[in-house]
Novice: 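Dumping the structure here so I can ask a few things about it.
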Amino acid sequence: VLMTCPPPDAYLVEQLEKRFTLYKFHSIPDKAHFLNSNKASIRAVVGSASAGADAQLIHQLPNLEIVSSFSVGLDKIDLAKCKERGIRVTYTPDVLTDDVADLAIGLMLAVLRRLCQSDRYVRSGQWKKGDFKLTTKFTGKSVGIIGLGRIGLAIAKRAEAFRCPISYYTRTEKSDGVLINIGRGPHVDEPELVSALVEGRLGGAGLDVFQDEPIVPEELFGLENVVLLPHVGSGTMETRKEMADLVIGNLEAHFLNRPLLTPVL
Ligand code: 8YV
């Protein structure tokens, strides 16, 4: 098994090492040399949101049978190439839906109610010196969701409890709007988002994902109306274990000729 991403989870690595010969591609200095010597023995790839299996890698692995991704997003896997080569692909849907939806609401509250600024205000001793600016109410605000899949629907259900009217897509320009991104960085035009925030054309943003992670546009660091997270939507102990169990379960099912648990292809 070749893990192409930086090890995303200690339990996943430990369990893979118990069952398979695991190569950690990320920490191999001479990747070309490694592939030359080991390409024939690699039958499975484990990837994540940061690295998967692109066309070039698939091309270099003649005996690749399965890509099991520690993610629900499949943007780092060349699905067309996998299909062409008859390579199976699995992912980790459902188990992370609640965490990502919870985080989206958390970001919404953090931006509108200025939770991070409030915390800094108390820690820095400012509270003793003056008043804190009033914040913006979340309950009842219109929520627009782009992408009404499993996670989008889970966000909609939570937003309903806050009595928010929900639309799943809107072309209307926002003035005081707040943008929350818990999907993928490239879903949003990042330079335009930064300009809109810097110029005050957008009310605020809560971002868990970025175009070129872990690089975050530095212009955002000084903005008080922005909350920045390091792609931790699914990052709870409970969910990461369920994701790891799915990655391993899919690999085991494949090598035991049983039906895959969560197949994409
Ligand atoms: C990552 C994610 O997989 O599931 C996805 O698509 O983006 C996350 O759950 C996780 O951060 C490990 O890279």
Side-chain angles (χ1 to χ4, degrees), residues 1-17 22-27 44-54 57 66-80 82 88-108 110 145-155 158 179-188 190 193 205-216 227-251 260-265:
V1 173
L2 179 67
M3 178 176 275
T4 52
C5 51
D9 181 88
Y11 169 78
L12 173 68
V13 173
E14 178 196 300
Q15 295 300 315
L16 286 170
E17 277 173 340
L22 182 69
Y23 297 113
K24 292 177 203 140
F25 202 40
H26 189 70
S27 46
V45 158
V46 169
S48 76
S50 54
D54 58 17
L57 183 78
I66 181 166
V67 178
S68 183
S69 192
F70 183 76
S71 70
V72 70
L74 296 163
D75 48 311
K76 294 288 195 301
I77 303 173
D78 193 321
L79 292 176
C82 288
R88 308 297 311 270
V89 176
T90 66
Y91 66 152
T92 60
D94 301 315
V95 294
L96 49 67
T97 300
D98 283 337
D99 279 352
V100 181
D102 289 353
L103 196 83
I105 299 295
L107 276 173
M108 191 59 94
I145 299 177
I146 298 172
L148 207 64
R150 295 181 188 86
I151 295 171
L153 266 176
I155 294 171
R158 284 157 175 75
L179 185 133
I180 303 295
N181 192 1
I182 44 78
R184 285 289 182 265
H187 292 164
V188 174
E190 199 166 89
L193 173 66
L207 307 170
D208 185 38
V209 290
F210 303 87
Q211 219 153 36
D212 188 17
E213 294 169 12
I215 294 163
V216 175
V227 176
L228 306 168
L229 303 182
H231 198 147
V232 288
S234 65
T236 65
M237 287 178 289
E238 295 89 336
T239 291
R240 288 293 172 85
K241 177 168 184 305
E242 287 195 81
M243 290 167 70
D245 286 338
L246 270 179
V247 169
I248 294 153
N250 276 305
L251 289 174
L260 299 179
L261 309 179
T262 47
V264 180
L265 289 177

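Atoms within a ligand are numbered from 1 in the order they appear, just like the ligands themselves. These numbers come from a predicted model, not from an experiment.
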Novice: Any side-chain heavy atom of L260 sitting closer than 4.5 Å to one from I66?
Specialist: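 Result yes, sub-4.5 Å side-chain heavy-atom pair found.
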Novice: Assess, by modelled atom type and distance only, whether the side chains of T236 and D99 contain a donor and an acceptor separated by less than 3.5 Å.
Specialist: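 Short answer, yes.
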Novice: How close does the nearest protein non-hydrogen atom get to atom 8 (C) of ligand 1, and which residue and atom is it?
Specialist: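 Closest protein heavy atom to atom 8 (C) of ligand 1: S234 OG, 3.5 Å.
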Novice: At their closest point, which heavy atom of G52 faces which heavy atom of L57, and how far apart are they?
Specialist: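 In this case the closest contact between G52 and L57 is O-CD2, 4.1 Å.
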Novice: Any N/O of L96 closer than 3.5 Å to an N/O of ligand 1?
Specialist: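 By distance alone, the answer is no.
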Novice: Given H231, M243, E213, which has its nearest heavy atom closest to atom 2 (C) of ligand 1?
Specialist: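 Residue with the shortest heavy-atom distance to the ligand atom: H231.
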Novice: Identify the heavy atoms of L251 and L16 that sit nearest to each other, and give their distance.
Specialist: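 Between these two residues, the closest heavy atoms are CD1-CD2, 3.6 Å.
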Novice: On a heavy-atom basis, which atom in D208 and which in P230 lie closest, and how many Å separate them?
Specialist: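 Nearest heavy atoms, D208 then P230: OD1-C, 3.9 Å.
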Novice: Would you check the N or O atoms of R184, main chain and side chain alike, for any that come under 3.5 Å of an N or O of ligand 1?
Specialist: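 For ligand 1, there is an N or O atom that lies under 3.5 Å from one belonging to R184.
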Novice: Among protein heavy atoms, which lies nearest atom 10 (C) of ligand 1, and at what distance?
Specialist: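 The closest heavy atom on the protein side is R240 NH2, 3.5 Å.
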Novice: For ligand 1, which atoms sit closer than 4.0 Å to a heavy atom of S48?
Specialist: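 Matching atoms, with element in brackets: 13 (O).
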Novice: Kindly give the heavy-atom pair with the smallest separation between L12 and F70, and that separation in Å.
Specialist: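 It is CD2-CD1, 3.8 Å.
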Novice: Got the closest protein heavy atom to atom 3 (O) of ligand 1, with its distance?
Specialist: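 Of every protein heavy atom, F70 O, 2.8 Å lies nearest to atom 3 (O) of ligand 1.
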Novice: Counting from 1, what ligand 1 atoms have a heavy atom of A49 closer than 4.0 Å?
Specialist: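 Result: 1 (C), 2 (C), 3 (O), 7 (O), 13 (O).
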Novice: Have N250 and Y91 got a donor and an acceptor in their side chains that come within less than 3.5 Å?
Specialist: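 There is no such pair between these side chains.
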Novice: If we only count N/O pairs under 3.5 Å, is V72 in contact with ligand 1?
Specialist: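 It does: an N or O of V72 is found under 3.5 Å from an N or O of ligand 1.
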